[in-house]
Amino acid sequence: MSAILLVEDDPDIRHLVAYKLTKSGFDVTEAADGPAGLRQAEQHPPDLVILDVRMPRMSGLEVCRELRGRPGTATVPIIMLTAGTLPEDLEQAYAAGASEYVAKPFSPRELQERVESALARVGS
Amino acid sequence: MLRLFTFTIMVLAAVVLVTGLGIVAARVLRQVRQRKRAALAAGPRRALLAFVADHGEQGSHDLVAIPEDAWAAAAPGALGLLGKLRGDAHAALVSVFLRRGTARAALRDLRSRSRVRRSRAAQVLGDLEVRQAVPELCRLLTDRHGEVRVVAVRALGRIGDPTAAWRLITSLDQSDPVPSLLVTHTLVQLGPDAEVTLSAALDHPQARVRAVCLDALGLLGAAGSVGRVARVLREDAVLDVRVAAAANLGRLGARSAIEPLTGALTPARPAPLRAAAARALGDLGAPAAVPALAALLGDGEYRVAHAAAHALRRLGRTGQEALRFVLATEADEMAAAGRGSHASPSSAASHAREALALAALSAGSGSGFGSGSSSGFAAVAGQVAVGA
């Protein structure tokens, strides 16, 4: 069972995505902000991270850079989930180390497919 | 006197105490209400999230059967979720709201005397994408309250019905219109079917309206409107509108835009228009524009020469070869005149050097200028000479 760390400050989106992925057989750990997500990643190294970009305290881009700097999460797939769809937003996300980018409004089904394909690529 | 003073102090103390107690009581009451509301909403919220996550395949009857008070507590959160979802999940959520009569109530509230209710109703109808609400939302475009008009514009964008295009366009022609950028964005959301209306509005007497329609056509990539946009570029009485026409011809990406844009580069035209036309030729990405742009590198108007140099940079290999050609030619002339490398370069060479430096930075290498072949530009220049 692949472990997924979901860092999202919007409780509705977080619960929705967690429910969807748990039902599909993933082991989902939830975090409501960046620092909590980093702590969770330290305690339970994930196979994949879903990260909201705009969060209070610490942005998703900062969390992404921090995760990429740690040996345990340097190579795990990171999917950024955000409302920003400008080319600059994409560039920033990829520059921070994101593997994929899902724009809000999003389809939970599509997100699940992106998670599955990202995990399949790394063989988790 | 002392008794009066003591009495006044006591009255004031009592007032402060009563006010303090009142504030504390109101806060406690609000917290109790919020907790009660949250507890009431918890069940429906869980059921809604599960329903949405399952793409609405099961559980819709349970959601429709939720008692009104519990639904009222959960509805604001669920409505907020509408704007964050798309696909099956969005459709599932919309179906629940429609079955619970939310759209009917919102349609009624569009005529409410309260502007908050009208705004909220417009937002709900936009989030639910209720096409039936388009005429009423169009009516709100002339609402006396600006915030209601803004919400109505956004709602029309979410619904995306192109029949709203003309009303949106004409809503710009009033004393306190909605911000142009919001209307442009909304017109783009209406999709390619709005192109005919946008194109027709290029004859509108208001310059602001024409400029917004040009931007919307450019963002839509309405290549069928190149002829009309080119006519605005040539004939419009307002310079800002002609500049907008030039910029949007570049966005349209059609080969037929090269000729009108090249025509706008002539020295008789105002400098802002020539600079916009040069930038647009860069946006078009047409190598055929290279000779016309290269001829502007030594232009007396700084912004025109600057725009031409960066347009050439964005045209890729052929454009950058033209920039190198200018540098190489100047170096040869200086050598022939026996002037050293410390001699001041011409403004054309300065613009070319700056553009090439930026190209080198973008490419992540430092070898973008001062060397390399200029044969590509020479070839293009030769073709033009042959064509002429």
Side-chain angles (χ1 to χ4, degrees), chain A residues 4 6-30 32-33 50-56 60 79-92 94-95 100-117, chain B residues 34 37-39 41-59 63 73-94 96-97 123 126-129 154-155 157-160 181 185 188-189 219 251 283 314 361-362 364:
Chain A
I4 294 176
L6 169 62
V7 190
E8 164 68 65
D9 64 319
D10 182 327
D12 283 335
I13 296 287
R14 196 171 67 244
H15 295 159
L16 171 64
V17 174
Y19 174 89
K20 175 88 186 150
L21 295 175
T22 305
K23 209 175 166 197
S24 304
F26 296 103
D27 175 18
V28 182
T29 307
E30 296 178 45
D33 58 34
I50 299 172
L51 202 51
D52 182 24
V53 172
R54 286 178 199 164
M55 290 187 289
I79 299 178
M80 299 297 256
L81 190 61
T82 181
T85 51
L86 296 172
E88 302 92 89
D89 296 322
L90 265 83
E91 280 170 24
Q92 283 181 346
Y94 289 124
E100 296 204 32
Y101 188 95
V102 173
K104 290 179 189 170
F106 73 105
S107 153
R109 192 198 291 267
E110 186 193 321
L111 178 63
Q112 185 195 330
E113 285 166 4
R114 299 279 283 271
V115 165
E116 285 166 356
S117 64
Chain B
Q34 277 174 353
R37 213 171 158 75
R45 194 170 150 269
R46 266 195 305 275
L48 253 174
L49 291 177
F51 173 73
V52 169
D54 291 334
H55 322 296
E57 282 159 9
Q58 48 194 331
L63 287 170
L79 281 169
L81 204 55
L82 270 174
K84 297 165 193 163
L85 296 173
R86 63 180 172 83
D88 299 342
H90 183 267
L93 200 51
V94 167
V96 172
F97 277 107
Q123 181 166 353
D127 286 345
L128 293 176
E129 297 172 18
R154 288 207 176 107
R158 289 217 62 167
I159 296 170
L181 197 61
H185 178 67
V188 173
Q189 284 179 300
L219 291 168
R251 286 183 189 149
D283 292 340
R314 283 182 292 125
L361 272 176
S362 304

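Bear in mind the structure is a predicted one, so any value in this text is a computation, not a measurement. Convention: sequence-line order gives letters A, B, ...; per-chain numbering from 1.
- Considering all non-hydrogen atoms of both residues, B:Ala89 and A:Pro108 come closest at CB-CD, 3.4 Å.
- Looking at A:Glu110, only its side chain comes within 4.5 Å of chain B, counting heavy atoms on both sides.
- Using a 4.5 Å cut-off between heavy atoms, B:Arg45 touches chain A through its side chain atoms alone.
- Residue B:His185 places its NE2 atom among 12 or fewer non-hydrogen atoms of other residues, nucleotides or ligands, all under 6.0 Å distant.
- With a 6.0 Å radius and a threshold of 12 heavy atoms from other residues, nucleotides or ligands, B:Gln189 has its CD atom above the threshold.
- For B:Leu85, the parts sitting under 4.5 Å from any heavy atom of chain A are the backbone and the side chain alike.
- The choice from B:Arg46, B:Arg86, B:His90 that makes the most heavy-atom pairs within less than 4.5 Å of chain A is B:Arg86.
- Salt-bridge formation is not detected for the pair A:Asp12/B:Lys84: no Lys NZ or Arg NE/NH1/NH2 atom is positioned less than 4.0 Å from an Asp or Glu carboxylate oxygen.
- No more than 12 heavy atoms of other residues, nucleotides or ligands lie within 6.0 Å of CZ in B:Arg154, so this atom counts as exposed by the packing criterion.
- A distance of 4.0 Å separates CG in B:Asp88 from CZ in A:Arg109, rounded to the nearest 0.5 Å.
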